[in-house]
Amino acid sequence: MNTSQELKRLINLVESRMEHDYSGRFVAPPEIDAAKALALYSVLGDAPLPAELADEYFAAVMLIQAALDMHDSVMEARDDERKGRQLSVLSGDYYSSMYYLILSQCEDITLIRHLSVAIQQINENKTLIHMKESSDPEIYIQAIRQKESLLAAETARRFGKEELVPFLEDYLFLAAVAKDRDSILAICGDESINIAVSDACGRMRNESCLAPSFFSRENRQLDFDWNSGSMTGEG
């Protein structure tokens with residue numbers, strides 16, 4: 001099974017855990033973020049885990065990401081979409097409960113602690129981004145880097161892979177800019193984002209920025225095409 005097939009299998013696993021007969025009739029589940037899925041897959045690939053347990057960890061972390069995404073969607077819903085808003089909140093809570101259930105069954109309290117720290121810090125960074133309390137674009141850029149990468153980064157830390165965190169922050173920051181370029185530009189401005197993207201690309205090309213072995217093994221040289229606003233060279 002190649003990487004694309006393996007990722008599709010894992011994403012299907014997560015989506016099956018997200019299914020709910022009632023809420024599914026009214027609220028669509030959030031789309032799994034491909035870059036975050038790949039980053040998490042690569043981190044778990046470097047962890048000393050049996051394949052079946054790695055699958056469970058992947059599902060757990062992506063479920064908490066889905067819960068965060070679903071709760072974000074509540075903020076974007078129209079005021080007259082009361083039922084949809086309520087079900088979005090409940091769906092997010094359901095995904096969270098599934099995440100806790102999986103990790104409790106795996107008996108990994110340490111990972112729960114790491115992810116709890118990540119969730120708290122993600123919400124703090126979301127508040128900073130949404131409230132726009134600072135005029136310093138560097139603060140926003142760092143908030144975006146943290147918000148996008150913390151789940152993968154704390155998973156890496158749980159398995160003693162602290163050295164992968166800078167790569168994960170850069171990779172997921174570039175993926176976020178590629179995915180949501182216009183809104184990030186509106187917050188930070190062209191000049192600041194240009195510098196941040198250039199710096200991130202430079203660090204990722206530097207051999208001192210350690211990537212998960214998956215990226216080296218498959219010769220995945222990552223770069224960012226600013227003209228098209230997309231990640232390029234991914235295998």
Side-chain angles (χ1 to χ4, degrees), residues 27-40 43 61-79 81 84-86 88-93 95-96 99 114-157 164-204 222 224-226 228-231:
V27 178
E31 182 178 352
I32 301 297
D33 186 295
K36 290 178 181 176
L38 182 59
L40 180 61
V43 168
V61 178
M62 293 311 296
L63 279 166
I64 200 61
Q65 181 65 62
L68 292 166
D69 292 344
M70 186 59 86
H71 287 155
D72 282 350
S73 72
V74 176
M75 299 178 64
E76 300 168 1
R78 300 195 312 267
D79 291 339
E81 296 176 335
R85 290 165 66 93
Q86 290 174 332
S88 293
V89 172
L90 291 174
S91 294
D93 292 344
Y95 304 153
S96 295
Y99 139 76
H114 275 275
L115 295 178
S116 295
V117 169
I119 293 164
Q120 176 187 345
Q121 293 179 354
I122 286 169
N123 286 326
E124 290 172 358
N125 282 296
K126 284 182 179 180
T127 299
L128 176 62
I129 292 167
H130 289 304
M131 297 300 292
K132 298 182 175 62
E133 292 178 349
S134 172
S135 60
D136 185 349
E138 295 303 317
I139 292 177
Y140 289 127
I141 289 169
Q142 185 59 22
I144 292 166
R145 286 172 60 85
Q146 293 292 302
K147 178 177 76 74
E148 296 298 314
S149 65
L150 272 163
L151 289 178
E154 286 301 320
T155 303
R157 291 186 174 105
L164 301 180
V165 171
F167 174 89
L168 295 169
E169 289 180 348
D170 283 331
Y171 170 62
L172 290 171
F173 168 69
L174 291 174
V177 174
K179 183 177 180 180
D180 203 12
R181 180 185 180 194
D182 291 342
S183 64
I184 292 176
L185 281 172
I187 293 173
C188 301
D190 287 9
E191 182 178 359
S192 295
I193 286 296
N194 274 324
I195 293 171
V197 165
S198 177
D199 288 348
C201 289
R203 285 189 296 268
M204 291 175 71
L222 301 172
F224 183 84
D225 182 353
W226 184 243
S228 64
S230 63
M231 295 290 286

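Predicted model only: the values in this text are computed from it and were never measured. The analysis underlying the following values was restricted to heavy atoms, covering all of them including side chains, and did not include hydrogens, waters or symmetry mates.
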Which atom pair, heavy atoms only, marks the closest approach of [X] to [Y]?
X	Y	value
Leu174	Cys201	CD1-SG, 4.0 Å
Ile141	Ser192	CD1-O, 3.6 Å
Asp170	Ala200	OD1-CB, 3.6 Å
Phe173	Ile144	CD1-CG2, 4.0 Å
Ala176	Ile184	O-CD1, 3.6 Å
Leu150	Gln121	CD2-OE1, 3.3 Å

All side-chain hydrogen bond (donor to acceptor under 3.5 Å, both in side chains) counterparts of Glu148, not counting sequence neighbours: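 So Glu148 forms a side-chain hydrogen bond (donor to acceptor under 3.5 Å, both in side chains) with Lys36.
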
Atom [atom1] of [X] and atom [atom2] of [Y]: how far apart are they, to the nearest 0.5 Å?
X	Y	atom1	atom2	result
Cys188	Ile193	SG	CD1	4.0 Å
Leu185	Asp190	CG	CG	5.0 Å
Leu63	Leu68	CG	CG	11.0 Å
Leu128	Gln146	CG	CD	11.0 Å
Asn125	Ile139	CG	CD1	11.0 Å
Leu172	Arg145	CG	CZ	10.0 Å

Option from Thr155, Val61, Leu38, Val165 for which side-chain contact (heavy atoms from CB on, under 4.5 Å) with Val43 holds: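 Of the listed residues Thr155, Val61, Leu38, Val165, the side-chain contact (heavy atoms from CB on, under 4.5 Å) partner of Val43 is Thr155.
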
Donor on one side chain, acceptor on other, Asp69 and Gln65, under 3.5 Å: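 Indeed, the side chains of Asp69 and Gln65 share at least one donor-acceptor pair under 3.5 Å.
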
Donor-acceptor pair between Glu124 and Gln120 side chains, under 3.5 angstrom: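 Per modelled atom types, Glu124 and Gln120 side chains form a pair under 3.5 Å.
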
Side-chain heavy-atom pair Leu151, Leu40 within 4.5 angstrom cut-off: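 SC-SC contact between Leu151 and Leu40 ruled out.
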
Student check: side-chain heavy atoms of Leu164 and Arg157 closer than 4.5 Å: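 When only atoms from C-beta onward are counted, Arg157 and Leu164 do not touch, as no gap falls below 4.5 Å.
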
Side-chain donor or acceptor of Asn123 paired with backbone N/O of Ile119 under 3.5 Å: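 Yes: the side chain of Asn123 pairs with the backbone of Ile119.
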
